[in-house]
Number of protein chains: 2
Amino acid sequence: MTATTGVSRRALGLGLRATAKVLPEHTRAHNRSMVLQHLFHAGPTSRADLARATGLTRVTISDLVAALLAEGLVEELGVRKGGVGKPAMLVGMRTEEFHVVALDLSDESVMRGAVLTLTGEAVERRSLDVAGRTGDDLVDLVARLARRLLDDATRPVIGVGLGSPGVVDPAGRVVEAPNRRWADLPLAAILTERLGLPVHVANDADTAALGEYTYGGAADSMLVLTVGQGVGAGIILDGARVHGAGNAAGELGHVTVVDDGAPCACGRRGCLETLLAVPALRRATAGLDAEAADAVLAGVGRVLGTALAPVVSALNLGEVLLSGPADLLDGALREATTQTLRDRTMRAVSAHLPVRMATLDEDVVLAGAAVLVLAAQLGVS
Amino acid sequence: MTATTGVSRRALGLGLRATAKVLPEHTRAHNRSMVLQHLFHAGPTSRADLARATGLTRVTISDLVAALLAEGLVEELGVRKGGVGKPAMLVGMRTEEFHVVALDLSDESVMRGAVLTLTGEAVERRSLDVAGRTGDDLVDLVARLARRLLDDATRPVIGVGLGSPGVVDPAGRVVEAPNRRWADLPLAAILTERLGLPVHVANDADTAALGEYTYGGAADSMLVLTVGQGVGAGIILDGARVHGAGNAAGELGHVTVVDDGAPCACGRRGCLETLLAVPALRRATAGLDAEAADAVLAGVGRVLGTALAPVVSALNLGEVLLSGPADLLDGALREATTQTLRDRTMRAVSAHLPVRMATLDEDVVLAGAAVLVLAAQLGVS
DNA sequence: GGCAGAGTGTTAGGAGGCTTTACTAACAAA
DNA sequence: TTTGTTAGTAAAGCCTCCTAACACTCTGCC
């Protein structure tokens, strides 16, 4: 309880809480993002309405809009005649006039990619067979897919986004992705260099959460559980992505949920993944009639609910989203999860907590990768 | 996946992600805070070193320091003769020349308060018997204790901080605190009005987390479990407090941890609180010899570890802190919790995860309440 | 002893950002 | 036609930071 605490923190190499200096131009950038953010989510708006929405003056807004017009990011869309006064000129973001290239590396066997508009609509899709490639070969393959998609784009591309499995730090360095044989790989930097465009990389589950947040209308505090070959989670709290102490937040797949359960690839037993991953679910329900399958799925749902209960309580989540095959997740499993959460947490926490399916299905990761680019390049999310 | 998502979000009254306009003076305020933050944690520093630490120029730093000198917040402390060049004039924060009044309402029967210096050292302590008061009477009592402490202060008081049980929103409104008969009570606003000083209110567990974070040297992503009459948690992730969708983050006491367990005050059964709260622990260990008591405590520790495992995994916490009676917590219970966490989570997540006692003991909430003030008034935490 | 080199802090000038104030433009209602 | 309202623009001013240049004070070296 002394002022020297900070010194010891420093001596420990933990560093002070990272705060960065702010310059006048950052002010401008922030306000510019605020305008784009509003136009992105609310659609065409007059300058005067933008001023009211942002709290800035009409003068400043006019100036910002002029700059955005010059950049081609927004356009004037004609007047809106309303009640009294001079009719307003609507200004809208040119969401169809720019493209984003997004890549999804979450699947082990096939790498998916797309050219998207700023509203997240796919204009072109491509995929490449991974064919067992790992390490640098896999990086080459990623670059190849990205280049092809860049060629496909018919509009200026503002950046490339990528969702990758493994631990990824905020700078886009893949700290560790065992299945891809990547370790401490500055993937974002490498691709930025090779492609000559800004490239942003994040964990695939985090990316999925971003996608649902921005394009799927998810709540401000929520968790997206991604169920595929493995189980992961992306978490957004109070509107911000959770990274965690070692950038490994969301690793829910390897929590023990069954004592003395089935052996897991991680070397331990009874991990959530041994029950909830798609292969496990398929295996467990194979050959069963609908009723019996539902009983199995409900059992898994109860286990999931039990595991999520402390998380939901600790974070006061506004929503839990499940992303994965609807035939497995969106039925008995989801209902059992919901019910178990209600049974095992305070009413105030879970009574109005929707457990629902993610809305973007297969494209979550791609959409989220696009959001990565939007957020970094335009300040929009 | 359309641009109109934002519109529907808006129509739902959820509002857009709250971004506020930034003005030139906010730039100044931010940089000013950065200087104070550095001085607070690193101790006396020269202007040139501040420039290097913040990234701002010496010119700007000199200007900021001049303003802080004029306000009396910092002082010059003589030259530091070193190698070549002009000797540097050290500048230090006048942490002993200002006071903060902090109040701790976490105990049902007694309300504690203190006058603290900016380094969190108690200069004066007072407490008042709550004597069953609730509602408006309790507000009056809080105001009375605060006024007495303000009279005790021998230095200018920069603000009042308060840690209260219940759900508290970021504006210091107590949404709900059943035991105090408070509901939707703008406590911070009321006290600010009555005392004529800035008053900041937060949940007691959150406050405890803040205290440990700033004065206790806790990690950037951590959870403080407060064990007292009830069980709560304060969570800091990536350096920011977690509020949650309904400002009720941290309500871990009422997660079900035992199927068909003992009845809980909340109306359900088997809540964590029925095992881990201090009264429950005392009851369970009463009259047992040390060995038997440890066995009981280890059992509770295992249950706690099981409940925390999904939280630790999901958030990739850097630390878990236990706050409460050391004779109960800091032994078999803590060890069992640690071991259970290791057993039930990925190695990468838990191998280097310390589960340790909070360092501030009884004063955590008071210290955290002071941090509330420091953070709000000076931008320091 | 004196001078070059280095590091600290200040002064002067300038660029960028937002605001207030005041204006023009365009429309509805009386 | 007049009045009132709303949208957008122009000019002036304040705030913030930066770069460039300088004064000051110390060390090291000839």
Side-chain angles (χ1 to χ4, degrees), chain A residues 19-39 42-71 74-92 379, chain B residues 19-36 38-39 42 44-71 74-92 379:
Chain A
T19 42
K21 66 174 172 181
V22 169
L23 303 181
E25 64 233 54
H26 297 140
T27 302
R28 183 69 161 187
H30 175 99
N31 290 336
R32 190 189 104 117
S33 291
M34 220 172 23
V35 169
L36 285 177
Q37 175 87 355
H38 189 91
L39 293 176
T45 310
S46 73
R47 290 172 175 82
D49 282 339
L50 282 170
R52 278 184 285 270
T54 58
L56 293 164
T57 61
R58 294 201 304 276
V59 180
T60 304
I61 290 296
S62 283
D63 203 44
L64 284 165
V65 167
L68 293 170
L69 282 169
E71 289 178 63
V74 306
E75 62 192 339
E76 296 194 323
L77 295 168
V79 296
R80 175 191 55 194
K81 302 203 181 186
V84 301
K86 177 180 172 179
M89 170 64 72
L90 289 177
V91 175
Chain B
T19 42
K21 66 173 172 180
V22 169
L23 304 181
E25 64 231 55
H26 297 139
T27 302
R28 183 71 159 186
H30 174 98
N31 289 335
R32 191 187 104 116
S33 290
M34 218 173 24
V35 169
L36 284 176
H38 190 89
L39 292 176
T45 310
S46 73
R47 291 172 174 81
D49 282 339
L50 282 170
R52 277 184 286 270
T54 59
L56 294 164
T57 62
R58 294 202 304 273
V59 180
T60 303
I61 291 295
S62 282
D63 203 46
L64 285 166
V65 167
L68 292 170
L69 281 170
E71 288 178 64
V74 305
E75 62 191 340
E76 297 196 322
L77 294 168
V79 296
R80 176 191 55 194
K81 301 201 182 186
V84 301
K86 178 179 171 179
M89 171 63 73
L90 289 177
V91 176

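Values in this document were obtained by computation on a predicted structure and should not be read as measured data. Numbered from 1 within each chain, the chains take letters A, B, ... in sequence-line order.
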**OP:** Describe the nucleic acid contact of Pro87(A) in one word from base, sugar-phosphate, nothing, applying a heavy-atom distance below 4.0 Å.
**Re:**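 Sugar-phosphate only.
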Separation of [N] [atom2] from [X] [atom1] (nearest whole Å):
{"X": "Arg80(B)", "N": "dG9(C)", "atom1": "CZ", "atom2": "C1'", "result": "13 Å"}
{"X": "Arg32(B)", "N": "dC17(D)", "atom1": "CZ", "atom2": "P", "result": "12 Å"}
{"X": "Lys81(B)", "N": "dT27(D)", "atom1": "NZ", "atom2": "C1'", "result": "12 Å"}
{"X": "Arg47(A)", "N": "dA7(D)", "atom1": "CZ", "atom2": "C1'", "result": "9 Å"}
{"X": "Leu23(A)", "N": "dC15(D)", "atom1": "CG", "atom2": "P", "result": "19 Å"}
{"X": "Glu25(A)", "N": "dC17(D)", "atom1": "CD", "atom2": "C1'", "result": "9 Å"}
{"X": "Met89(A)", "N": "dA26(C)", "atom1": "CE", "atom2": "C1'", "result": "12 Å"}
{"X": "Lys86(A)", "N": "dT6(D)", "atom1": "NZ", "atom2": "C1'", "result": "9 Å"}

Original post:
Is a donor on one side and an acceptor on the other found under 3.5 Å between the side chain of Asn31(B) and the backbone of Leu56(B)?
Top reply: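 Checking the backbone N and O of Leu56(B) against the side chain of Asn31(B), no donor-acceptor pair under 3.5 Å is found.
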Original post:
Is His30(B) reaching over with its side chain to a backbone N or O of Ala20(A), donor-acceptor style, under 3.5 angstrom?
Top reply: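 Checking the backbone N and O of Ala20(A) against the side chain of His30(B), a donor-acceptor pair under 3.5 Å is found.
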Original post:
Would a 4.5 Å heavy-atom cut-off, applied to side chains only, mark Leu68(B) and Val35(B) as touching?
Top reply: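 In short, these two side chains touch, coming nearer than 4.5 Å.
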Original post:
Does the side chain of His26(A) come within less than 4.5 Å of Thr27(B)'s, by heavy atoms?
Top reply: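 When only atoms from C-beta onward are counted, His26(A) and Thr27(B) do not touch, as no gap falls below 4.5 Å.
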Subject >> N-O pairing of Glu71(B) and Arg32(B) below 4.0 Å >> reply: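 Salt bridge: yes.
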Original post:
So, are Arg28(A) and Asp63(A) salt-bridged, with charged N and O less than 4.0 Å apart?
Top reply: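 Looking at Asp63(A) together with Arg28(A), the answer is yes, because their closest N to O distance falls below 4.0 Å.
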**OP:** Please check the phosphate of dT8(C) (OP1 and OP2 only) for any side-chain N or O of Arg52(B) closer than 4.0 Å.
**Re:**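 For dT8(C), OP1 or OP2 has a side-chain N or O of Arg52(B) closer than 4.0 Å.
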Original post:
Taking only N and O in the side chain of Asn31(B), is any of them less than 4.0 Å away from OP1 or OP2 of dC17(D)?
Top reply: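 Yes, Asn31(B) has a side-chain N/O under 4.0 Å of OP1/OP2 on dC17(D).
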Original post:
Taking DNA chain C as the partner, which of residues 54-69 of chain A come within under 4.0 angstrom of it by heavy atom?
Top reply: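 DNA chain C contact set from residues 54-69 of chain A: Leu56(A), Thr57(A), Val59(A), Thr60(A).
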